[in-house]
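FYI, side chains are in, hydrogens and waters are out, and symmetry mates aren't considered; it's all heavy atoms of this structure.
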Amino acid sequence: MNNTGIYIRVSSDKQFLKGHSLEWQEHLLKEYAINHKLNVVDIYIEKGISGEEIDNRDELKRLLKDIKNKKINNVLVYKIDRLGRKVSTNSIICKILIDNDCTLTTSDTGNVELKTAFGSLLYNILSAISQFEVNLLSERVINGKKQRVRDGLYINSYNVYGYDSYCNYDGKRLLKVNDFEKNIVNDIYKLYLKGKSMNKIAQNLNERKIPCKRGGKWCQSTIYQILTNRLYIGMVVYNGNAKKDCFENKGIHQPIIDEELFIKVQDMIKSRKKQKTKKCPNEYSYFSSLLVFENSTFKPKQTKANDKDSIRYYCKDKKSCFPSIKHTKLEEIFSSKLSNYKLEYDERVIADIFKDDDYEIVLELLNKIKREQNMLFDYYNNNIIKDDELKDRLEHLASKKEKLLSQHEELKNKIIDYNDYTKIKIYNLINNNLMINFNKLSKKDKMNFVNLFVEKIIIDINHNIEIVWKKQ
């Protein structure tokens with residue numbers, strides 16, 4: 001008996017929601033099955049799914065599974081392009097059909113004899129035509145977008161905050177300013193220039209219960225998109241994030257941000273990016289910045305969710321034959337190696353050991369205030385901030401500096417002046433039984449010890465290590 005599976009697919013959500021093509025295919029194929037006395041076992045429907053690949057098509061995979069299990073021995077489709085839109089995809093499907101003695105029937109060409117030379121040729125020609133149509137459509141869409149930019153028109157399908165889209169008399173989609181959203185966009189730019197972070201701006205808008213364009217909540221990435229979107233200064237861009245084949249043109253829409261203001265914001269974004277410090281390894285992955293295998297470094301990765309002790313180190317060089325190693329295992333190897341070492345006395349190392357952390361923190365905060373003051377003067381000289389704002393922010397920093405200087409004097413008087421004898425005695429105490437003492441340390445203290453004394457750790461494929469100590 002000819003057990004038939006009907007396969008139906010539409011490639012766009014719009015087609016699916018409107019109902020045309022999908023219901024029409026089903027009606028046509030059912031009618032074809034009745035007229036040709038085909039026993040329909042099941043119907044497989046893909047709603048709004050592209051035909052280029054197989055992986056994301058659950059119904060097609062179910063059909064192919066049923067073919068392999070001999071539930072289906074004939075596939076009925078409207079056209080071959082419903083099965084796939086790429087020659088490579090259709091070749092995979094064709095092989096499965098042939099290997100499982102399953103026939104293929106289309107409502108427009110009838111039975112396709114895949115095992116014959118003519119049937120195979122017909123199938124491949126129709127597959128190639130299908131892929132050609134997809135490529136041609138893609139080229140037309142790209143060329144259409146490029147032409148819209150050349151005409152000064154906005155090309156993205158989604159609405160942009162600050163504007164509403166509408167169609168004019170000849171069907172062209174244009175932008176008009178949304179006055180309420182325009183004021184919000186201007187507020188975002190001004191708040192950022194005043195020193196507010198993107199997260200703080202998003203939080204402020206959410207607290208004011210101002211929704212995004214689609215009704216959702218604001219976040220850092222949304223604010224970043226608004227602060228970097230050249231549409232607001234009257235420009236339209238094609239393929240803006242790409243390195244090649246990108247260009248821009250003056251748009252016919254009304255700008256809502258002054259170009260000078262926009263440039264100042266871009267400069268501030270770049271300035272803040274430079275000020276970000278590199279994230280340091282924590283007490284669960286402190287070997288990552290030190291470990292070396294054949295000139296390649298490592299990166300840590302947590303292999304079990306919410307289990308920080310499951311961190312493993314993976315070689316950054318993907319061509320490397322080095323297997324991953326668990327942090328706890330490496331720590332054990334490192335610790336055992338310490339039994340062979342004696343650290344030489346050095347005045348600078350002792351100074352690091354006996355330094356007061358609170359005192360160092362206060363010094364760093366004072367230096368930070370100095371840097372912020374210099375940055376404010378730079379902004380003022382470049383007309384990014386005005387007199388009143390400079391005055392207010394300098395007064396705020398001066399108040400913070402006064403409190404820190406008071407703490408600085410208190411901590412300075414508490415610092416212990418260790419004599420040379422005491423320093424040597426404590427250093428020897430640390431150095432004796434170094435392995436035992438290391439194992440007794442907390443995770444954070446182990447990290448501090450390694451960062452203080454170790455330059456790098458060279459490891460081989462058998463997990464033998466060589467510790468290169470810092471030259472103090």
Original post:
Do you know which of Arg82, Glu59, Arg57 makes side chain to side chain donor-acceptor pair (under 3.5 Å) with Tyr7?
Top reply: Arg57
Shortest non-hydrogen contact between [X] and [Y], atoms and distance:
X      : Y      : answer
Phe262 : Leu227 : CE1-O, 3.6 Å
Gln25  : Val10  : NE2-CG1, 3.8 Å
Asp58  : Glu46  : N-OE2, 3.8 Å
Gly84  : Thr89  : CA-CG2, 4.4 Å
Ile93  : Leu83  : CD1-O, 3.6 Å
Val185 : Gly162 : CG2-CA, 4.4 Å

Rounded distance [0.5 Å steps], [atom1] in [X] versus [atom2] in [Y]:
X      : Y      : atom1 : atom2 : result
Leu175 : Asn159 : CG    : CG    : 8.5 Å
Cys102 : Ile96  : SG    : CD1   : 10.5 Å
Ser310 : Lys301 : OG    : NZ    : 11.0 Å
Ile226 : Asn186 : CD1   : CG    : 11.0 Å

**OP:** If the plane angle is over 60° it's perpendicular, under 30° parallel, otherwise tilted; pick one for His327 and Phe287.
**Re:**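 If you compare the ring of His327 with that of Phe287, the planes turn out tilted.
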Donor-acceptor under 3.5 Å ([X] side chain, [Y] main chain):
X      : Y      : answer
Gln220 : Ala202 : no
Ser271 : Asp267 : no
Asn69  : Lys71  : no

Answer yes if the side chains of [X] and [Y] hold a donor-acceptor pair under 3.5 Å, and no otherwise.
X      : Y      : value
Asn229 : Tyr161 : no
Asn90  : Ser127 : yes
Asn73  : Asn3   : no
Thr106 : Thr109 : yes
Asn35  : Glu31  : no

**OP:** Pick out which of Val75, Leu76, Ile72 makes a side-chain contact (heavy atoms from CB on, under 4.5 Å) with Thr4.
**Re:** Leu76
Are side-chain heavy atoms of [X] and [Y] found at a separation under 4.5 Å?
X      : Y      : result
Ser324 : Phe298 : no
Asn39  : Asn2   : no
Val149 : Val237 : no
His36  : Thr105 : no
Val77  : Leu104 : yes
Ile459 : Tyr313 : no
Asp317 : Asn295 : no
Leu193 : Leu261 : yes

Can [X] and [Y] be counted as an ion pair, charged N to O under 4.0 angstrom?
X      : Y      : result
Glu181 : Lys213 : yes
Glu26  : Lys30  : yes
Lys146 : Glu139 : no

Looking at [X], I want to see if its [atom1] is surrounded by more than 12 non-hydrogen atoms of other residues, nucleotides or ligands under 6.0 Å.
X      : atom1 : result
Lys176 : NZ    : no
Lys370 : NZ    : no
Gln266 : CD    : yes
Lys446 : NZ    : yes
Asn143 : CG    : yes

**OP:** Check step by step if side chain to side chain contact (heavy atoms under 4.5 Å, CB included) holds for Leu29 and Ile43.
**Re:** CA-CA 10 Å; Leu29 295 175; Ile43 299 176; over 6 Å; no
Original post:
Mind checking whether Tyr238 and Phe247 have ring centres under 6.0 Å apart?
Top reply: yes
**OP:** Assess the pair His253 and Tyr163: is the distance between their ring centroids shorter than 6.0 Å?
**Re:**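 Yes, close enough.
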**OP:** Apply the test side chain to side chain contact (heavy atoms under 4.5 Å, CB included) to residues Leu231 and Val236: give CA-CA distance (whole Å), side-chain angles for both, the deciding distance (0.1 Å), then the verdict.
**Re:** CA-CA 6 Å; Leu231 188 77; Val236 285; 3.9 Å; yes
Subject >> Trace of the side-chain hydrogen bond (donor to acceptor under 3.5 Å, both in side chains) decision for Gln203 with Asn199 >> reply: CA-CA 6 Å; Gln203 185 180 343; Asn199 274 326; over 6 Å; no
Original post:
Where do Trp218 and Asn204 land on the side chain to side chain contact (heavy atoms under 4.5 Å, CB included) test, with the steps shown first?
Top reply: CA-CA 9 Å; Trp218 295 87; Asn204 175 269; over 6 Å; no
**OP:** Carefully, step by step, assess Ile92 and Lys86 under the rule side chain to side chain contact (heavy atoms under 4.5 Å, CB included).
**Re:** CA-CA 10 Å; Ile92 295 170; Lys86 286 175 69 176; over 6 Å; no
